[in-house]
Structure formats: C-alpha cells, structure tokens
Amino acid sequence: MADLLGRMTLKEKVCQLDMYFGCESLLHTNQYTGRTHANPDAVFDPQMAKNYLGISGVGSIHDLYPRAGLCNRVQAWVIASNRLGIPALFIEEGLHGYMDGGETVFPQSINLATTWNPELARQTGSAIAAQARANGVDMILGPVLDVARDPRWGRVEEDFGEDPYLTGQLGLAYVEGMQGESLDTDHTVIAEPKHFAGHGSPEGGINMSPVHAGEREVRSIMLKSFEPAVRAGKAWGIMAAYHDIDGVPCTGNPWLLNQVLRDEWGFQGFVLSDLGAIRRLYDTHHVADSPTNAVLLALNSGVDMQFYDFDHSVFQDAIINGVKDGKVSEATLNQAVSRVLRVKFLLGLFEHPFVNESLDANIRHSQAHNHLALESARQSMCLLKNDGQLLPLKKTLKRIAVIGPNANIARLGDYSEAATESSQQGMLEQIKQLVSPGTAVTFSEGDDIPQAISLAQQADVVILGLGEWLKISGEGFDRSDLNLPGQQETLLEAIVGTGKPVVLVLQNGRPLSIPWAAKHVPAIIEAWYPGEFGGQAIAETLFGENNPGGRLPTSFPRSVGQLPDFYNHYPSRKDSYIEGDSSPLFAFGHGLSYTTFKYDQLAVDNTPLSMATDPLIAVRVTNTGGREGDEVVQLYVRQKNASVVTPVKALKGFSRIHLQPGESKTVQLHLQPADLAVWNANRQWTVEPGEYTVWVGGDSEGGLTGQFTLK
C-alpha cells in the first residue's frame, strides 16, 4: 500500500476520498428506478462514466444497487480508466436486508434488539453481507448503534434500544457476522456502525438536532454502545453524524474521531461522513465560512470520505489547494487515503475485483435467509400483557374479527423501500391459514368505525392490528406525541366497548403511549416491524405455536410529558409528577410468556474481591409452567458509593435460555472490569473499590438481589 500511495498524484489521492452517485453518473434515466436503483438489466454507459467520474480513480460508488453483471462492467471500466488500476468501493444500505428488490427483508433492528439474542444478530449480519457481496457490494451502511433515548425520534426503529450494554453486545455480534473472519471472501462486507456518536438523543427528539451532553455522559452511554464493535469487532467503517454535541459538530470533532476512535480504541478503518454532514459545517452549524473550509475542517478532524456533500470539483479542489496552501498537511491527506486503500486491499479488490455472477441466484431470497427472517420475527414477539391467559387463542374459535390499519399487512419499516409490504404476509391472511376450517375470519380496516363495531359484536374474539407505518415512523418522521396515530384510539375504545375479548397487536417503530389500552385491553403483543414474514410470526404467537420470548429494549412512557423515561437514570431524578403515575407503562426488559419462570439460588461471591477479579453471578431458573419457552435472564448492577454519580442500575449481562416444562438451568454471568468502570472526576476510566448491588431477574424492575465488594 505504501508503494501505491507513493506513486499517486495529488489528484489521484483526493479522488479516493470522494463518493460518486451511481445511477446518475453511470446510467441513462430509463435504466434506473427512483434515482437510486439500477434496473436488473441496466446497460452501463462508459461515456457517461468518463464524463462524471473522470479518469483519476474513484473512491466509492453509492446509490446504484447493481446486479453482479453491472457491477463487474463498472468495476472493469474504473480499473482500466485510471492510471494505477485502483478499483472502486461499492457502498449501499442494508439495515435489515440488502436494500434491493427481491431480497429477504429481515425484521427491523428494534425487533432484533427485542430478541436479546446476539447469535441472531450475528446470523442476520452474515446473511445481509452475503446478499450484498453476491451483487458486488463491498460495504453496508450499518448497523445503527446510537442509544435511542428519545422515542419521539423517528429512527428509534433502526436502533437496538435505550441501553448501551445491550446495544453494544448486539452491535458487536452484528459486525462480526458481517465482516466474518476475513473480508476477502464472496460473502463478507465492511460494516459501518453509525451515527457516530450520540445521534439517538437529539433535542426535542428531532432528527439531526443538537445533543446536549457532557463528556461523562457521552463516554458512559453514547460511546459505550459503539465501543465493542470497534475494539472487539474490528469494524472497518464508521459514519460520522450530522449533529453537534455540546456545540461541536461530529464531522468537525478531532477529539471524537481521532482521540477517542483512533487513539484510544485503535480504529484502523475509514470514517465516512453522513449524507450532507460536511456541508452542514458550513450552512447549518456555521463553524466554517465556506465550502472549502468545511471540507478542510472535516479532513483535519478525522473524516476520510465525503458523502455527496459538495460537487466533486469543490471537494477535490478544496483539498488540493489546501495541501498547496498548507491548510492541510500532506501527512493528513496520506493518512486518509491510506485508510480507504487499506479496506480495498482487505476486501481483495486488487487481486479479484469481480463478483461471480452466478452467486446471486443461490442467495437472493434463499430458503435459509427466509427461515432466519422468520425465526428472528418469532423471537422478537413481545407479550406485554395477558390478563386471564386470554392468549394463546384456540384455533377452533367460531368467529374471529380482525380489525385495524395494520391487520392486513406485514409492516417492514424504513430502509426497505425496494420491497413491497404484502397483504399475503400480513396478520390477517396468516391467521386464516392457521385457524380451523370451521372458523370464520372477518376483516375491517377500521376506517368505518360503526362497521368495525358490528363485526366485533358478531365475533368470539377481536384481534386489533394498530400502530405506525412508514411516513409516521422512520428517518425524518419525528413525532411531538406518542399516542396511537389518527383515529386509532377512538377505534380501540369503541371495539373494547363492545365487551368482546380483545387482543391488541402493535406494529410500530417506537414505544407508544397507550395507557388506556394497558388498563382496558386484556392482551397486548408488541410486534414492532417484524419483516417479510412478520404476519406468520404474529399468527403463530396468537395461537400458541410460538411462545413469545421477546423482552423490551426500551421503556414505554405513559405520556410524552414523562420523557425522558429511560430506566438507567441518575438517582437525583425524581419519580413524581402532580399528574398521575410517573413509572413506565412497560419497563425496559419487560416481556411475558405463556409459561412461568422461577428464580432462586442466586450466588454472588460476597467475600472481598480483588479489582482484577471478574465477579461471577450465578442463578437457577426453572420453568414452572406447562409449556416450553424462552426466558431472558437479566443482570443489573449498582455501585453503592462512587466518586461520581452513577445510574440507579445498569444492565451488565444477559442470557436468553430455553427451558422445557419443569426444567431448571443454572445461568452464570461474568462481570468484566470494563463493565464496572466509571469515568471519574479526573477524567479517567477506573474500577473503584467498594460495595456493589446486583439484581438478577426477568426485567429491570425486580429480581433477586445480592452484593459483592471490591477491595
């Protein structure tokens, strides 16, 4: 790589730091759909490529979503057209499935978090990587590892919830699945955790807004969710976020991108700006007085590649002239170029730049991927309430009314635009396939409330499909309240008013405020956006073929006025308002089952331990009910007295286990020193001596309690 870098001109170097818009640079308008997706049989125009990409090399190409043949033709042209034969990096979206038509759509990230199953995250990351690489794509913009602390934010669905430890463990597994043991394969890609950092706590819950946090909160919460993916997972990409933290924009923050990410964590990959994030230094944050100075500020701060921020001539000339004028050192430029070239070498693009064009036929919508998507949906089903054991329902019921705007469709969530939300895979059709031949299933969208009431009155049980959908939840769709949208609350109360047994099934991208439903509806299932086969997973759960084992990765507030409501708050936060109950409607970690579990024999070593020792916590869990099922064993820790304020409790371990009726398992959970470290008043990480309290149970609100001491 050093030899290659030494032979590059200044122009060739800056081209490696630039991203090019695939469809509009390479294809005529009749060859692509929606500006971003090449048609399956798209014809590449080399003259367009020469006009738009030039002949000095290409850093990356995005918004093309090529099939393998098109990718190979473009790559061959790029290599032949530049003097040194440097290949391009193809980058696309793949948050919960490679975002091209005909690919398996996995459950949304919030579903994956609800499984509390890192192995599923690893398998999902691996599957998405295989989807992408079979099309010639080398890098996926994900996972999203922001800690989602404001549910008004539309991108909560893209995250792994409100807790940094859970997010960190799932993110680590996801990155390991995507990148595998080697990037030089036909089934692994570069993972790019985003949005670095703190993007999930925007002011007012509005996307891209400022984040108000000091260094302690940033390090203890917002960076902890990313750290495992970088340190242990060796992620080779990072996306720098749009916003500012305490007045310093992320793309202009050398402390964040150089000191923490590179010097402290040892990050060796390259940093890509989020779309327009460098431009915002100039036109939004106003910390740069020109586009040129915005580019130089970002480069000097540790950003390595732009994302369509400025026209290519503006971006490239800014760096070329900046080097000539001494505003950016050649060493800084060389570092950035080296990082981009490094990943191209690791991917094997110099040795074998072309993809096997027959590979996709065995990957696209494969049986293995479809089964994984269904299993992930099943494990993400979260039973919030089940009074009187209304669930599971009997398949032999005479009449079932299925009502609501989300009842006849499988909601996919954002970043799945190339797929179609299918009624065939919706809850209604899947219920029809599961119940007995003698069961009549009727349906109403719920727009006509009197008609819906009439159907409900004739039924033995009503299944309500409510919640959110794209353009209400997703990127750029932030809400000022968390109630059921539209007339859903009116519909809900009218149907419950019939006196019929009601099961509420929610498909939504964020926690909703549903206090009336929580009080009056006997059974509630949170399904989030369960992916392509979500309707089947919901139906199986309703009728007992799937025993729900999902646990909430985020708290449910009673009202928007209760925010923030995350569980791991500081002890000085008061728990009372003059109006109503201030406790969460449903707590972090909450979830019920069709069986029951008993915890006993908690073992915590209460002899004074050395601070070099990893405390071991053990507990016995027994399935005391009549069905096999999954339990998520959760470990929370609180330092009794610390040198700085610490949360009232914090998740530090978990394990999802499967138990047969009457079966017991002893679960062991190890605490690592890093899990107990605090960022002290001297701005250092330290594990402090003293007493620690642990809670072990099935959610964040209870459990068995023990203590240990570090000396």
Side-chain donor-acceptor pairs under 3.5 Å in residues 34-41, sequence neighbours left out?
from, atom 1, to, atom 2, distance (Å)
Arg35, NE, Glu24, OE2, 2.6
Arg35, NH2, Glu24, OE1, 3.4
Arg35, NH2, Glu24, OE2, 3.0
His37, NE2, Met99, O, 2.6
Asn39, OD1, Thr33, OG1, 3.1
Asn39, ND2, Asn30, O, 3.1
Asn39, ND2, Gln31, O, 3.4

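- A donor-acceptor distance shorter than 3.5 angstrom exists from the side chain of Asn623 to the backbone of Leu659, with no hydrogens or angles considered.
- Taking the centre and axis of the six-membered ring of Tyr415, the NZ or CZ atom of Lys194 falls inside the cone set by 45° and 6.0 Å.
- What you find for Pro515 and Leu585 is that their closest heavy atoms are N-CD2, 3.8 Å.
- For the 3.5 Å distance criterion, the side chains of Gln379 and Glu375 qualify, holding a donor opposite an acceptor.
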Q: Start with the C-alpha distance between Arg620 and Asp600, add both sets of side-chain angles, then the distance that settles salt bridge (charged side-chain N to carboxylate O under 4.0 Å, His left out), and finish with yes or no.
A: CA-CA 5 Å; Arg620 186 176 71 172; Asp600 63 7; 2.6 Å; yes
Q: Apply salt bridge (charged side-chain N to carboxylate O under 4.0 Å, His left out) to the pair Glu526 and Arg551, showing each step before the final yes or no.
A: CA-CA 10 Å; Glu526 176 57 81; Arg551 302 294 183 262; over 6 Å; no
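- Side-chain atoms of Asn546 and Thr541 form a donor-acceptor pair, as typed in the model, at a separation below 3.5 Å.
- His658 pairs in a side chain to side chain donor-acceptor pair (under 3.5 Å) with only one of the listed residues (Lys665, Glu663, Glu628, Glu631), which is Glu628.
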Q: Show the numbers, then the answer: is there a salt bridge (charged side-chain N to carboxylate O under 4.0 Å, His left out) between Asp630 and Arg656?
A: CA-CA 7 Å; Asp630 286 7; Arg656 181 165 178 151; 2.9 Å; yes
Pairs of donor and acceptor atoms involving the side chains of residues 119-129, under 3.5 Å and at least two apart or interchain, shall be tabulated with distances.
from, atom 1, to, atom 2, distance (Å)
Glu119, OE1, Arg122, NH1, 3.0
Glu119, OE2, Gln123, NE2, 3.1
Arg122, NH2, Glu176, OE1, 2.7
Thr124, OG1, Leu120, O, 2.8

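- Looking only at atom types and distance, the side chain of Asn370 has a donor-acceptor partner in the side chain of Thr104 under 3.5 Å away.
- The closest side-chain donor-acceptor pair between His96 and Asn111, if any, does not fall under 3.5 angstrom.
- With values rounded to the nearest 0.5 angstrom, Asn547 atom CG is found 12.0 Å from Glu540 atom CD.
- A donor atom on one side chain and an acceptor atom on the other are not found under 3.5 Å apart for Glu158 and Ser109.
- The heavy-atom pair separating Pro193 from Leu145 by the smallest distance is CB-CD1, 3.8 Å.
- Here Phe533 contributes atom CZ and Arg378 contributes atom CZ; the two are 10.5 Å apart, rounded to the nearest 0.5 Å.
- With hydrogens and angles left out, the side-chain atoms of Glu92 and Asn135 include no donor and acceptor closer than 3.5 Å.
- Ring centroid separation for the pair Phe588 and Trp116 comes in under the 6.0 Å cut-off.
- Side chains of Gln389 and Tyr594: no donor on one and acceptor on the other come within 3.5 Å.
- Between Pro511 and Trp528 the shortest heavy-atom distance is N-CZ3, 3.8 Å.
- For Tyr529 and Asn508, the side-chain atoms include no donor-acceptor pair closer than 3.5 Å.
- Side-chain contact, Glu429 with Ser423: no donor N or O sits under 3.5 Å from an acceptor N or O.
- Residues Gly161 and Thr167 approach most closely at O-OG1, 3.9 Å, considering heavy atoms.
- The only member of Glu532, Glu103, Gln131 that meets side chain to side chain donor-acceptor pair (under 3.5 Å) when paired with His365 is Glu532.
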Q: Could you check Asp100 against Arg67 for salt bridge (charged side-chain N to carboxylate O under 4.0 Å, His left out), going step by step and ending with a plain yes or no?
A: CA-CA 9 Å; Asp100 189 21; Arg67 298 296 170 96; 3.3 Å; yes
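- When all heavy atoms of Phe443 and Gly404 are compared, the closest pair comes out as CE1-O, 3.9 Å.
- Between Glu157 and Gln108, the side chains place a donor N or O and an acceptor N or O closer than 3.5 Å (distance only, hydrogens not considered).
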Q: Start with the C-alpha gap between Ile463 and Ile431, add the side-chain angles, then the distance that decides, and say whether side chain to side chain contact (heavy atoms under 4.5 Å, CB included) holds.
A: CA-CA 10 Å; Ile463 300 171; Ile431 288 171; 3.7 Å; yes
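- The minimum heavy-atom distance between Tyr174 and Leu95, with the atom names listed, is OH-O, 2.9 Å.
- Trp153 and Asn207 form a side-chain donor-acceptor contact under 3.5 Å, judged by distance and modelled atom types alone.
- Each side chain to side chain donor-acceptor pair (under 3.5 Å) pair with one or both residues in residues 481-503, not counting sequence neighbours, appears once here: Arg479-Asp481.
- A centroid separation of less than 6.0 Å is found between the aromatic rings of Tyr98 and Tyr65.
- Between the side chains of Arg558 and Ser583, at least one donor N or O sits under 3.5 Å from an acceptor N or O.
- In the model, Thr624 has a side-chain atom that pairs as donor or acceptor with a side-chain atom of Thr596 under 3.5 Å.
- Taking a cutoff of 4.0 Å between a charged side-chain nitrogen and a carboxylate oxygen, Glu475 and Arg155 qualify as a salt bridge.
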